[in-house]
There are 2 protein chains.
Amino acid sequence: MNASDNQSGYDPKKYRTPDGAPSDIVIFTITSTERTTAKKALPIRELQVLLIRRKEWPFVGQWALPGGFCKETESMYECALRELQEETGVTDVHMESLNVYSKPGRDPRGWMISHAFYALVHDKWLAARRADTDAIDVRLFPAEEALRMELAFDHRDILRDALNKVREQMLTTTIAKEFLPEEFTIGELYQVIRTVVPDFEEPNFMRKITSTQSRKGIIEEAKDAGGQPKMSNRYSQRPAQLYRFTDWVPRLSIYS
Amino acid sequence: MNASDNQSGYDPKKYRTPDGAPSDIVIFTITSTERTTAKKALPIRELQVLLIRRKEWPFVGQWALPGGFCKETESMYECALRELQEETGVTDVHMESLNVYSKPGRDPRGWMISHAFYALVHDKWLAARRADTDAIDVRLFPAEEALRMELAFDHRDILRDALNKVREQMLTTTIAKEFLPEEFTIGELYQVIRTVVPDFEEPNFMRKITSTQSRKGIIEEAKDAGGQPKMSNRYSQRPAQLYRFTDWVPRLSIYS
DNA sequence: CCAATAGTGTCTATTAGACAATATCTA
DNA sequence: TAGATATTGTCTAATAGACACTATTGG
């Protein structure tokens, strides 16, 4: 539908309109690299961000967040999903709206109001893509390193906001599950949380999450067909109980 | 600047571009009406939303969220602030980004990607405006009632999202201060919270907020010039201690 | 045995949760 | 004095926080 089709006398052509509605996507993942020192040890994990290297004007050669222009036939969310799929091949993913970025002059191409999203993608989806990384100028960067880079547009602002948000969400929601396999050990979970929020320290982590009344519903023990607890010794000599997230999230409050 | 001024060969006119970038603002306030039964009693408070009645196509005569089109020289946030100022006269206000609304066909005028904000405004700012309410077709509606109304565009979706967000924020941040005077009693604070989140119940509220280690920094006692605690008997026979918010907000976590 | 992670015991201080009791005013 | 809100007392159970300790098993 073209807007001027209507019978209302409203004519959008009378007004200066935006030159495009791009979306930018901050794609986070946590990479796991096995430690060389010992076997049976937790891998080294790192929070990474996917960046692409621009081939076209403006900011040619600079690293930028993936993204692209919205079409009239899709929502901004669908647009971001599509771009995400085109960049990474990932379809089923946790993606949320972040903020709008619209400071005048932010885009040399014209008046561009960008909407940013952040997505959490499991490492396994990006593994294939990472392999031929240098060739296609799509790379993962450690989040902190990317923050120090000179990115195209106002993408550093976007990245900073996304990082703040993902850190907050890591502690207040169960997004940790996006970085974990279906079944995981307490050690893995703790490590994932600490990878995103380094200053999170909780010596009694296991006890708190498994046996305090107000939190024990967040995760549950994984059991096999026979109802026996499932264990894993992938990361430790002593087999560890496997857990899975339930779909319950406690309601937080600063007042209670 | 017009986009086609650049030397890049990029021409936004080649693409279908949005027909406008509107912002919509969900303006919340809490009204206080004195109880007629007794004096010296807490007023009846209610969470309200400001709606305007549309005079122009489309959705003529229907109630809608205030908002308007963004100009090329301002950011979406500035646009929303400006619209808010035009609607309510309020300038200094707590406003946050909510989400983008961009479902194709959401606006009969054309391809309009709207960005919604929500703002919290103290009753006192809207009091004058409320007076001549019927005349200008700007009114406050109880939030729950507004949710059941048939609003223009997808404004019901926006309102629902805003209501969910303000409820979450009420419990996890100190936005309660936006609805309170600088100095307030514990009773007032509790009432404001319950006005926004009716199922929040905390029998030991006062004790928790004043004397638990992890929370006592959220508010502090108000003291007069001589260092004596300031009391108020506005809402009670027995004078109550006045408090003020500090600028500290505890970090919440489902894991600790 | 050592290394590395999993998980438990234990002790004290703090907090939660539920009610009862008392305090301080005004009308 | 009755009524309304403020504030404290009290008791039990749960949780926090710190640290030491035991468990399991590959190498």
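Chain letters run A, B, ... following the sequence lines, proteins first and then strands; every chain starts at 1.
Between A:E182 and A:K124 there is no salt bridge, since no side-chain N of the basic residue sits under 4.0 Å from a carboxylate O of the acidic one.
If you find the closest nucleotide of DNA chain D to A:E202 and to B:M206, the one lying nearer the 5' end belongs to B:M206. Between B:I186 and B:S256, the residue whose closest nucleotide on DNA chain D is further toward the 5' end is B:I186.
Taking atom CZ on A:F184 and atom P on C:dA6, their separation rounds to 13 Å, with Å as the unit. One can place CG of A:N233 at 8 Å from C1' of D:dT25, the figure rounded to the nearest angstrom. Put simply, OH on B:Y255 is 18 Å from P on D:dT15, counting in whole angstrom units. A:Q213 has its CD atom 11 Å from the P atom of D:dA16, to the nearest Å. To the nearest angstrom, P of D:dA16 lies 17 Å from CD of A:E201. Atom CD of B:E34 and atom P of D:dT5 are 13 Å apart (whole Å). In this structure, NZ of A:K208 is placed 13 Å from C1' of D:dA14, rounded to the nearest angstrom. In this structure, CG of B:L42 is placed 16 Å from P of C:dT26, rounded to the nearest angstrom.
Between the side chain of A:R234 and the base of D:dT25, no donor-acceptor pair under 3.5 Å is found. Side-chain atoms of A:R207 stay outside donor-acceptor range of the base of D:dG17, with no qualifying N/O pair under 3.5 Å.
Closest approach to the B:N204 side chain among C:dT26, C:dG17, D:dT24 is made by C:dG17 (side chain taken as heavy atoms from C-beta onward). You'll find that the side chain of B:P203 is closest to C:dA18, out of C:dA18, D:dT5, D:dT15. Residue B:Q237 has its side chain nearest to D:dA4 when only D:dA4, D:dT10, D:dA6 are considered. When each of D:dT7, D:dT15, C:dG17 is scored by its nearest atom to the side-chain atoms of B:Q241, the top-ranked nucleotide is D:dT7. Comparing atom distances between the A:M231 side chain and each of C:dT14, D:dA6, C:dG7 picks out C:dG7 as nearest.
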Derivation and outcome, side chain to side chain donor-acceptor pair (under 3.5 Å), residues A:Y118 and A:Q169 | CA-CA 11 Å; A:Y118 73 97; A:Q169 300 260 99; 2.8 Å; yes
Before giving the answer on side chain to side chain contact (heavy atoms under 4.5 Å, CB included), spell out for B:F245 and B:I218 the whole-Å C-alpha distance, their side-chain angles and the decisive distance to 0.1 Å.
-> CA-CA 6 Å; B:F245 276 100; B:I218 299 173; 3.9 Å; yes
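B:M170 is not listed as a side-chain neighbour of B:L47, based on a closest heavy-atom distance of 4.5 Å or more.
Residue B:R215 is classed as a sugar-phosphate contact, given heavy-atom separations below 4.0 Å to backbone atoms only.
Judged by distance alone, with hydrogens and angles left aside, the side-chain atoms of A:D224 form a donor-acceptor pair with the main-chain N or O of A:G227 at under 3.5 Å.
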